[in-house]
There are 2 protein chains.
Amino acid sequence: MVRKPTSKEAARKPNMREAILAAAEELFATNGFNAVSVRDIALAAGANPGSVTYHFKTKDGLLLEIYRRHCGPMNLRRSELLAAAKRVRDLQDRLEAIVRAYVVPAFTSGSDLAGGGARFTRLRAVMSAEGNEVARKIIAQTFDDTSHAFIDAVHESLPHIPRTDIVWRSHFLLGALYYSLVTPERVSRLSRGEADGSDAASAIEQLVQATVAAFQAPALDQATPARRRPLVGSKA
Amino acid sequence: MVRKPTSKEAARKPNMREAILAAAEELFATNGFNAVSVRDIALAAGANPGSVTYHFKTKDGLLLEIYRRHCGPMNLRRSELLAAAKRVRDLQDRLEAIVRAYVVPAFTSGSDLAGGGARFTRLRAVMSAEGNEVARKIIAQTFDDTSHAFIDAVHESLPHIPRTDIVWRSHFLLGALYYSLVTPERVSRLSRGEADGSDAASAIEQLVQATVAAFQAPALDQATPARRRPLVGSKA
DNA sequence: TGATCTTTTGTACGATAGTACAAATCACAT
DNA sequence: ATGTGATTTGTACTATCGTACAAAAGATCA
């Protein structure tokens, strides 16, 4: 006989709890929090609605557990990659490695399942757009450390750029990242089939390339003030 | 007595219909479509729930009317600005003007109300994240023309960059734009108060500057292949 | 003023939401 | 085999959802 964990901890069956988590993750990430009912989740997981209440108490509790599940591994991965990136000698290479350390885990890592990282990141994007309260709290207290570490690392690679500009550009990076996961089909459509928006490898390469260039742009304050133009320019 | 428009066309009272539209726009843009009830909207507009049904028939109809109201003016504005931008001689200036023609109307224009453009753009961001069906249809058939015109204009300014790359980078631009409107407070927080994420002028300047640089990045195919590294790089 | 059309109000209905809880079922140690 | 605790099921409760509709109120013009 094999020893199982104490008895609590994890179920012995095809793991209903995990199935519910996976179904909820998928549905929330695709349709948003409020559009998905507990019954929808139970149906998709092959479970009974009451089972969701049993394992997670409330719908918010279910969302909370999804975050708990993913945040740790993803931030750990980012820390490792960031530490490795900081050791890169060449400055241009280092900046690229830093950006990659931020982007790659969002697309690939997570926990175990294939595409788990991308799915969770998409979930975060949707929750952020919906202004979900539960998500907002966790994100601010879980991801801000990572974001600051990332911003600091970029700033060290580009000391002549004001921190403010780097914050803005990091923000743009996250927005672009989110949007790529939320509407990949738009890329396919606009490129008339020449690009596949849901191909993670392409998205990563394109995003890294574009972001490195954006970071390297001249600082705003000193940006060729002779070139400055009025907000609109036409008419009047 | 004053002559009023024929009798149909517009109401004579403090305009309940407009109040409902404005309230719905605000609430949808902040909380998402499904989180907001018709009763919430009516309450915020100082109207009766039945009045919403009377003017817009259904909740979807209300959303549809919000889009109808804004799409025309915003795309018209973009066309005007884009046409003006294409006439700019200097190549660097032209690219910047093109990007500005895309960004500025999203932040400022719209119809009449102050912040109307930003609010509507935020609404689009949230609807896109929620995968809203009504919104998806309208967006694809209303904004794709504008997007193609924009992509073509950028491509003309940067003929050596493959169209695919430009599509990706335009996509990143829209994502960054959306995210800046959805979570402006994150910029303030991460910059420790040094920047104001909800200041439209700053957001525009930062976004234009970063995006122009991203567009000008070397094409992906020919991007210093000696530099290419494995997806992850550390460990192993 | 009274007739007619538009708009607003009040209320109600069926559907579905989240959650609670008792009963049934299951897995395992003894 | 049986008892025990963990899980699953089935069902029910209340709240709120979107929408419909009749009645009231307001406006317009003969």
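Naming: A, B, ... by sequence-line order, numbering from 1 per chain.
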For B:Y102, the option from B:I151, B:L82, B:L174, B:V208 that meets side-chain contact (heavy atoms from CB on, under 4.5 Å)
B:L174
Rounded to the nearest angstrom, tell me the gap between atom CZ in A:F56 and atom C1' in D:dA6.
15 Å
How many whole angstroms separate atom CZ of B:R17 from atom P of D:dA27?
19 Å
For C:dT8, does OP1 or OP2 lie under 4.0 Å from any side-chain N or O of B:H55?
yes
When you measure from the side chain of A:T108 to the backbone of A:V104, do you find a donor-acceptor pair of N or O atoms at a distance under 3.5 Å?
yes
Nearest-angstrom distance from the residue atom CG of B:N31 to C1' of D:dC17
16 Å
Whole Å only: how far is the CE atom of B:M16 from the P atom of D:dG26?
15 Å
Taking the side chain from A:S188 and the backbone from A:G197, do they hold a donor-acceptor pair closer than 3.5 Å?
yes
Look at the side chain of B:R122 and the backbone N and O of B:A29, then say whether any donor-acceptor pair between them is shorter than 3.5 Å.
yes
In whole angstrom, give the distance that lies between atom OH of A:Y54 and atom P of D:dG5.
13 Å
Is any side-chain N or O of B:N48 closer than 4.0 Å to OP1 or OP2 of C:dT8?
no
Regarding B:T58 and B:D60, is there a side-chain donor-to-acceptor distance under 3.5 Å anywhere?
no
Under the side-chain contact (heavy atoms from CB on, under 4.5 Å) test, residues paired with A:A83 that sit two or more places apart
A:R87
Of the residues in residues 32-40 of chain A, which ones touch DNA chain C at a heavy-atom distance under 4.0 Å?
A:V36, A:S37, A:V38, A:R39
From NZ of B:K57 over to P of D:dG18, roughly how many Å is that when rounded to an integer?
16 Å
How many Å lie between CG on B:L43 and C1' on C:dT9, as a whole number?
15 Å
Whole-Å distance separating the CG atom of A:L27 from the P atom of C:dG18:
12 Å
